[in-house]
Amino acid sequence: MAEPFVIAIDGPAGAGKGTLARRLADHFHLNLLDTGLSYRAVAHRMLQEDLPLDDPAAAEGTARNLDLGRLDRDVLSAHAVGEAASQVAVYPEVRRILVEKQRAFAATPPGAVLDGRDIGTVVCPDADVKLFVTASPEVRARRRLAEIEARHGTADLAQVLADIERRDTRDMGRADSPLRPADDAHLLDTSEMDIETAFLTARAIVEVALEGRDGI
Ligand code: DC
């Protein structure tokens, strides 16, 4: 059997990497892991149990007990959970524990698409394909607002933009595994692209990487 084939997708919140990851996983019949959900699950459990987010030992214990096979996107997608996830994601021990689980997932045949902040740089530095997906903060804020409104919620564009900028600063500025493109990542700016165009562009990049390989 061929070695597991791994596609690493990184980028800031709201750039469209989740949708892209799902489309690529469906198309190439690969497993899919949204690694943001693992940080969200740790934060969510801590909020539920009234554990202080600024306690690294509590975050570490929560991370250790996490089962990546049991992540409930509906519960974890709440805005407040994303904010809390960004806070617990700064702890090196939490990252070490979650990265180990993510690597085991990536190594499971036939391979996987993983999306997050540090996949191409830390989790899977030998990934077959690395994509770094970005869009301007304004475009990402407008997309987030549209998502919230589609779920019949309401939010203020300026507020959503401020939240996105704060998350970017924290995710790019942390000492351990900051968000940055791997040196060998393909950059994909989706500011002016719809999802179909982004998917076709990414698919073409993956197909080049698959040339010379005996399938997935
Ligand atoms: O992609 P997301 O919004 O679900 O991610 C939530 C937070 O988790 C994000 O602000 C930073 C953190 N995260 C991380 O540090 N490393 C990852 N690979 C994925 C997410």
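Whatever order the structure lists them in is the order used to number ligands and atoms, beginning at 1. In this text the structure is predicted, and so the values were computed from the model without any measurement.
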Worksheet item: Could you walk me through whether T197 and D194 pass the side-chain hydrogen bond (donor to acceptor under 3.5 Å, both in side chains) check?
Response: CA-CA 6 Å; T197 311; D194 59 18; 2.5 Å; yes

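Applying the side-chain hydrogen bond (donor to acceptor under 3.5 Å, both in side chains) rule to R166 yields the partners E83, D163; only residues at least two apart in sequence or on another chain are considered.
Within 4.0 Å of ligand 1, protein heavy atoms come from K17, T35, G36, Y39, R40, A85, S86, A89, R95, G116, R117, D118, R167, D171, R174.
Here E100 pairs with R96 in a salt bridge; the nearest charged N to carboxylate O distance falls below 4.0 Å. The residues E60 and R64 are annotated as salt-bridged, a charged nitrogen and a carboxylate oxygen being separated by less than 4.0 angstrom.
Counting only N and O atoms by type, the side chains of D171 and S86 include a donor and acceptor under 3.5 Å apart.
Of the residues listed (L131, D115, L32), the one engaging L24 in a side-chain contact (heavy atoms from CB on, under 4.5 Å) is L131, and it is the only one.
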